[in-house]
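The structure under discussion appears below in the form of structure tokens.
Start at 1 and go down the list; that is how both ligands and their atoms are numbered.
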Amino acid sequence: MSKRIAVAGKGGTGKTSIAGLIIMYLVKAGKGPILAVDADANSNLNEVLGMEIEETIGNIREEVNWSERTGTPIPGGMTKTEYLNYRLNQAVSEGNGFDMLVMGRTQGEGCYCYVNGILKNQIEKLSNNYNHIIIDNEAGMEHISRGTVGKIDLLLLISDYSRRSIQSVGRIKELAKELEVDVKSTGLIVNKAPGGKIAKAIMEEIKKQGLELLGVVPLDENIVEYDASGEPLINMPEDSPAKEAVKDILVKLQLI
Ligand SMILES: Nc1ncnc2c1ncn2[C@@H]1O[C@H](COP(=O)(O)OP(=O)(O)O)[C@@H](O)[C@H]1O
Ligand SMILES: [Mg+2]
């Protein structure tokens, strides 16, 4: 069975950056095969990892939905299920030591239930080929709540270094419970903490929200610099404070 790790939290807290670094360390530690799932509609996990994406699940969904609405036959005389399967395999991009699947977005109207149902099945099947699946989410956790990506073994809640952001991940944790998302364990990572330290008041808020603090990732000038120049974060020097912190968290969680 594959281990599924998902990140969640408000926009801009560092989910994508941290997910990217986690993938990098899992690859380095030889924990493959690894599937990276970009489940954010404004997908950019590929940039952190320095790779190009050609196809998204959203595009495929649009395409099949369009052919249904307009009565356009599926190419090659395939059934819809066969065609979806064929296209889904095309949507798996190969990175350096891992594969990536991008959910993308759906714009059209009408019911996608049929397509979603098939895709859910196929993603489930595809997942079985991997040891680790890392899912980068948007705050709403649409794909987790819809069950597109199945159960989650470890939900990493990513927060900024602020009381409000801690409160916000507290709400996400509650939301996951309300939506009855199948999550085995949940933990908090506080990101962008100046000097990697946490003040007492923030610590109190973490306790108040009933969150388990897994680790603190410092505010890292290298990330700012690499982001500004469009360089993949995974190429940052090994002694970058954020990189070291993510590595420590993975060691602590016995993931690497
Ligand atoms: N530890 C950090 N130190 C400095 N900047 C960071 C850090 N983590 C993330 N950032 C920056 O914060 C912004 C949001 O990060 P991102 O990973 O895209 O967040 P999210 O995926 O949660 O929206 C980006 O500009 C990123 O470079
Ligand atoms: Mg993101």
Side-chain angles (χ1 to χ4, degrees), residues 5-25 36-51 53 56-58 95 98 100-105 133-145 148-149 152 154-162 164-173 175-176 186-199 202 211 213-250:
I5 305 165
V7 294
K10 244 174 10 136
T13 52
K15 298 179 293 296
T16 303
S17 307
I18 290 175
L21 293 177
I22 291 176
I23 291 161
M24 186 208 80
Y25 279 118
V37 178
D38 190 341
D40 186 343
N42 296 304
S43 34
N44 56 0
L45 180 62
N46 61 308
E47 286 166 20
V48 169
L49 292 158
M51 66 185 283
I53 293 297
T56 72
I57 298 289
F98 61 92
M100 188 183 287
L101 194 61
V102 179
M103 292 302 184
R105 58 173 93 228
I133 301 174
I134 315 301
I135 306 152
D136 182 20
N137 280 286
E138 54 196 357
M141 298 196 296
E142 189 205 336
H143 291 286
I144 292 186
S145 60
T148 330
V149 289
I152 305 296
L154 175 62
L155 180 63
L156 296 173
L157 299 168
I158 315 293
S159 170
D160 278 335
Y161 183 70
S162 81
R164 263 193 288 165
S165 186
I166 302 283
Q167 288 161 1
S168 150
V169 288
R171 280 194 296 272
I172 292 176
K173 191 182 172 188
L175 176 73
T186 309
L188 169 72
I189 294 177
V190 176
N191 187 23
K192 306 188 199 182
K197 293 198 180 71
I198 289 200
I202 301 264
L211 297 161
L213 181 62
L214 297 175
V216 182
V217 177
L219 190 69
D220 188 335
E221 276 177 24
N222 283 335
I223 294 195
V224 179
E225 211 178 282
Y226 273 64
D227 192 302
S229 60
E231 275 278 318
L233 288 192
I234 57 164
N235 294 345
M236 289 192 307
E238 247 349 88
D239 61 356
S240 294
K243 251 189 168 176
E244 286 185 333
V246 171
K247 190 176 179 184
D248 287 349
I249 292 168
L250 294 174

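Close approach of ligand 1 to Lys10 (heavy-atom distance below 4.0 Å) involves ligand atoms 22 (O). Short contacts between ligand 1 and Leu219, defined as distances under 4.0 Å to a heavy atom of the residue, involve ligand atoms 3 (N), 4 (C). Less than 4.0 angstrom separates some heavy atom of Gly12 from each of these atoms of ligand 1: 14 (C), 19 (O), 20 (P), 22 (O), 23 (O).
Once rounded to the nearest 0.5 Å, the distance linking NZ of Lys197 with CD1 of Ile202 reads 14.5 Å. With rounding to the nearest 0.5 Å, the separation of CG in Asp227 from CG in Asn222 is 12.0 Å. We find the CD1-CD distance between Ile53 and Glu47 to be 10.0 Å, quoted to the nearest 0.5 Å.
Scanning Val7, Thr16, Asn42 for the heavy atom closest to atom 18 (O) of ligand 1 points to Thr16.
Minimum heavy-atom separation, Asp38 to Leu45: OD2-N, 3.1 Å. Here the closest heavy-atom approach between residue Leu214 and residue Gly187 is recorded as CD1-CA, 3.6 Å.
Residue contacts with ligand 1: Pro218 is placed with a nitrogen or oxygen under 3.5 Å of a nitrogen or oxygen of the ligand (distance criterion only). Between Asn191 and ligand 1, a contact under 3.5 Å exists for at least one N or O pair. On a distance-only criterion, Asn44 and ligand 1 share no N/O pair closer than 3.5 Å.
Screening Leu21, Asn46, Asp136 for a side-chain contact (heavy atoms from CB on, under 4.5 Å) with Thr16, the sole residue that qualifies is Asp136.
Thr16 lies close to the Mg ion (ligand 2), since one of its N, O or S atoms is found at a distance under 2.8 Å.
Closest protein heavy atom to atom 6 (C) of ligand 1: Ile223 CG2, 3.4 Å. Scanning the protein for heavy atoms near atom 19 (O) of ligand 1, the closest one is Gly14 N, 3.0 Å. Closest to atom 13 (C) of ligand 1, if we only count protein heavy atoms, is Lys192 NZ, 3.8 Å.
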Candidate pair Leu188 and Ile166, rule side chain to side chain contact (heavy atoms under 4.5 Å, CB included), full reasoning: CA-CA 9 Å; Leu188 169 72; Ile166 302 283; 4.2 Å; yes
Residues Ile5, Leu154; criterion side chain to side chain contact (heavy atoms under 4.5 Å, CB included); working and verdict: CA-CA 5 Å; Ile5 305 165; Leu154 175 62; 4.2 Å; yes
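Residue contact check for ligand 1: Gly9 places no non-hydrogen atom closer than 4.0 Å to it.
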